[in-house]
Amino acid sequence: MIPRIYIPGDSGALALGAEKVAKAVRAELAERGIEAKIVRNGSRGAYFLEPMVEVATATGRVAYGPVKPSDVKSLFDCGFLTGGHHKRWLGAPDKIPFLARQTRLTFARCGVTDPLSLDHYKAHGGLKGLQNAVAITPADIVKQVTESGLRGRGGAGFPTGIKWKTVLDTSADRKYIVCNADEGDSGTFADRMIMEGDPFVLIEGMAIAGIATGATKGFIYIRSEYPHAVAVMQKAVEIARKAGVLGVNVLGSPNSFDMEVRVGAGAYVCGEETALLDSLEGKRGQVRAKPPLPAHKGLFGKPTVINNVISLASVPVIMDKGAAFYKDFGTGRSRGTIPIQIAGNVKYPGLYEAAFGMTLGEIVDDIGGGTATGRPVKAVQVGGPLGAYFPRALFDTPFDYEAFAAKDGLIGHAGIVVFDDSADMLKQARFAMEFCAIESCGKCTPCRIGSTRGVEVLDRLAQNVEPEKQIALVTDLCNTMKFGSLCALGGFTPYPVMSALNHFPDDFRPTPVAEAAE
Ligand SMILES: Cc1cc2nc3c(=O)[nH]c(=O)nc-3n(C[C@H](O)[C@H](O)[C@H](O)COP(=O)(O)O)c2cc1C
Ligand code: SF4
C-alpha cells in the first residue's frame, strides 16, 4: 500500500503555513522518488499544533506538529512515513491530551477523514442517520430531535425539535431549510471547521431537516469571508447529488431534497435570521419584525427552518445513535455536546468539543492553558461581540445556557476570547458600542442612535468629563437598548458594556486630573 500523508487544507492551518508544508512534502517525495497519497483533511482543531501533519502507519496514525516547511527534509530523514521519531513527533493524534479529553460527537470525523470522499464519510459512520430518517415518519424524526434536547447552537439556544415541529405542522406548497453559516461572532470558527473538514455531515443534517418538515429545498448562507468553506461545500453538494444523497429520491426513498450554496456580503447583522432571509431574497439585509416567525412565513413567505451549522450537523449523530444517547451528555436543560472555541490571548487556542457543564475556569486555565503572554487572565468574553465579560471571580460558572444567563451572560455560539491584565475594559466597552453603531441595520432607534450616543458618552468618560454623570447616562442608555431594541444586536450590546462596567469598575474610574498630569 502506498503511504498516506494527511496535511490539513483547513483555512486555519493554511493561515499557519499548511500549503507551504504540502508543497515541501510534494517536492521531497519527488526528489526521493517515493509514491505517496497526500490527503488534504480538515483540522482536528488543536490550532497550536497546526500545521499538524499525519501519516497512516501499520499501527495507526502518527502526528507531527507544528510542522514548518524547513522541517520536511529532516522528517523524511527520520522515517516519518512509518512514524519515526522527530522533534515534531506527537504520537497518535487521539492521544494528544487536548484531543483525548474531548467528547467528539458532532466533530467526530473532522480532521480524520478526507472531507470530499463520500466513501470515507460512510466508512466513518456517515449517512446512517439519514438512512434511519428515511425509514420513519417525519413526525417521528421531529420527536427524536425534540427528545434529544438539542438546542440551537447559533446563539439563542431555542429547542431545534420545537422549531421543526412548527414547520412540519404548517401547511404550504413549498417549505425551506436555511442553514445559517454567517458565523460572525468574535473568536468563533466551529461552523467553518465543519464546512471545510466534514461537509457531508451538514448536508446530511439538512437533508434530515428537509424530510422531517416537508421542505424540499435548502440554502446554505455562508459569509463571504469563508471562500474555502464555500468551495468545499459547493463540491460536496455536487458529489452528494451525483451519489443520490440529494435529489428527487434521497437515498432511493420517495423523499426529495436538494440544496445550494449562497454567499453573504459581509454584514454581521445578516447572521440574524430574518435579515439573513432578506439577504437571501436579494434585498438589503434588514431585520424583520416578528411575528410572523420564519417557521410560519420565512424565505419567500414560505415556512422555513433556519438553523445554525452546528445545530444541523449535530442531527445525524442523534438520528444514528438515538435521542437517549445524545441526551445522556450534558447538564440541566443543556443537553449533548458543545464545540467550545477558545481564542484570543490564550496558550492553547482551538476547538474543544465537550458535554455541557465544564466550568469556565476549567476551559480557560486547564484546557486553554491561561494566556499566551503568560500574564494573568483578566477577563473572558463569552458569546461573541454581544456577550458579557466574565472576571476570574465567575470562573466557577458551568458552561450551560441557564448558568450563563443567571450571571447576566450568554454562551452564544460558544466562542470565548481571553484577555490578560493589560486589557482596558473601558476601551472594550467603547468597542462594543462602536461595533453596534457600525453593524446596526438601522431599523430601530435604540440601536441605530443609541449606539452612537453610547460611544460619545464613553469617550467623555475616558476624557474625565463629569464621570459620574456619564456612568449614569450609559447605564440608562443600556437599559433602553436592552428593552427597546428590535433584535439582539441592539438588545445585547449592553451585556459587554455593563459587564465591563460592573466587574471592572476601576477601569471606568476617572484618573484624577493631578495624577493624569504627572
Ligand atoms: C445580530 C445577530 C447576529 C447573528 N449571527 C448569527 C450567526 O452568524 N450564525 C447563527 O447561526 N446565528 C446567528 N444569530 C442567531 C440567529 O438569529 C438565529 O437565532 C439562529 O440562526 C437560529 O439557529 P439555531 O436555532 O440553530 O441556533 C444572530 C443573531 C443576531 C441578533
Ligand atoms: S436592534 Fe439594531 S440591528 Fe436589530 S433591528 Fe434594531 S437597528 Fe436593526
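What you see is a predicted model, and the numbers here were worked out from it, not measured in a lab. Reckoned from all heavy atoms, side chains included, excluding hydrogens, waters and symmetry mates. In listed order, ligands and their atoms are each counted from 1.
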Participant: Among protein heavy atoms, which sits nearest to atom 26 (O) of ligand 1, and what does the distance come to when rounded to 0.1 Å?
Facilitator: S311 OG, 2.6 Å

Participant: Once the angle between the rings of F200 and Y121 is folded into 0 to 90°, is it parallel (under 30°), tilted (30 to 60°) or perpendicular (over 60°)?
Facilitator: tilted

Participant: Checking a contact table here: which protein heavy atom is nearest atom 13 (C) of ligand 1, and how many Å away?
Facilitator: G271 O, 3.2 Å

Participant: When rounded to the nearest 0.5 angstrom, what is the spacing between CZ in R153 and CD1 in I411?
Facilitator: 7.5 Å

Participant: Out of all atoms in ligand 1, which are within 4.0 Å of some heavy atom of N308? Include the element for each.
Facilitator: 10 (C), 11 (O), 23 (O), 24 (P), 26 (O), 27 (O)

Participant: Is there any N or O on C487 that sits under 3.5 Å from an N or O of ligand 1?
Facilitator: no

Participant: To the closest 0.5 Å, what do you measure between NZ (K302) and CG (L299)?
Facilitator: 10.5 Å

Participant: Checking side-chain polar atoms at under 3.5 Å, does T137 have a donor or acceptor matched by the opposite partner on D140?
Facilitator: yes

Participant: If we ignore hydrogens and angles and just use 3.5 Å, is the side chain of K378 paired with the main-chain N or O of A423 as donor and acceptor?
Facilitator: yes

Participant: Given that the side chain starts at C-beta and the backbone is N, CA, C, O, which of these parts of E272 lies under 4.0 Å from ligand 1, counting heavy atoms, or is it both or neither?
Facilitator: both

Participant: Is the ring pair Y389/F419 parallel, tilted or perpendicular, if the boundaries are 30 and 60 degrees?
Facilitator: perpendicular

Participant: May I ask you to check whether N307 has an N/O atom sitting below 3.5 Å from an N/O atom of ligand 1?
Facilitator: yes

Participant: Examine the side chains of D191 and H413 and answer whether a donor and an acceptor come within less than 3.5 Å of each other.
Facilitator: yes

Participant: Using a 4.0 Å cut-off to any heavy atom of I306, which atoms of ligand 1 qualify?
Facilitator: 22 (C), 23 (O)

Participant: Where is the nearest protein heavy atom to atom 1 (C) of ligand 1: which residue, which atom, and how far?
Facilitator: Y268 CE2, 3.6 Å

Participant: Tell me, do C110 and S43 make a side-chain contact under 4.5 Å, heavy atoms counted?
Facilitator: no

Participant: Against F356, only a single residue in F329, Y401, F399 fulfils ring-ring contact (aromatic ring centres under 6.0 Å, His included); can you say which?
Facilitator: Y401

Participant: Closest non-hydrogen protein atom to atom 21 (O) of ligand 1, residue and atom name please, with distance?
Facilitator: N180 ND2, 2.9 Å

Participant: Any side-chain donor-acceptor pair under 3.5 Å between Y226 and S11?
Facilitator: no

Participant: If we ignore angles and hydrogens, is there a donor and acceptor under 3.5 Å between the side chains of S451 and S440?
Facilitator: no

Participant: So if I count the atoms of ligand 1 from 1 in the order they appear, which ones are less than 4.0 Å from some heavy atom of G184?
Facilitator: 8 (O)

Participant: Out of all atoms in ligand 1, which are within 4.0 Å of some heavy atom of K163? Include the element for each.
Facilitator: 22 (C), 23 (O), 24 (P), 25 (O)

Participant: What atoms in ligand 1 come closer than 4.0 Å to a heavy atom of R153?
Facilitator: 26 (O), 27 (O)

Participant: For the pair F98 and F48, name the ring-plane relationship: parallel under 30°, tilted 30 to 60°, perpendicular over 60°.
Facilitator: perpendicular

Participant: Could you check atom 8 (O) of ligand 1 against the protein and tell me its nearest heavy-atom contact, residue, atom and distance included?
Facilitator: E183 N, 3.1 Å

Participant: State whether the shortest distance between N or O atoms of G154 and N or O atoms of ligand 1 falls below 3.5 angstrom.
Facilitator: yes

Participant: May I ask you to check whether T274 and E272 show a side-chain donor-acceptor distance below 3.5 Å?
Facilitator: yes

Participant: Could you tell me, atom by atom, which parts of ligand 1 come under 4.0 Å of a heavy atom of E273?
Facilitator: 16 (C), 17 (O), 18 (C), 19 (O), 22 (C)

Participant: With 2.8 Å as the threshold, which protein atoms of type N, O or S lie near atom 8 (Fe) of ligand 2? Leave waters out.
Facilitator: C441 SG

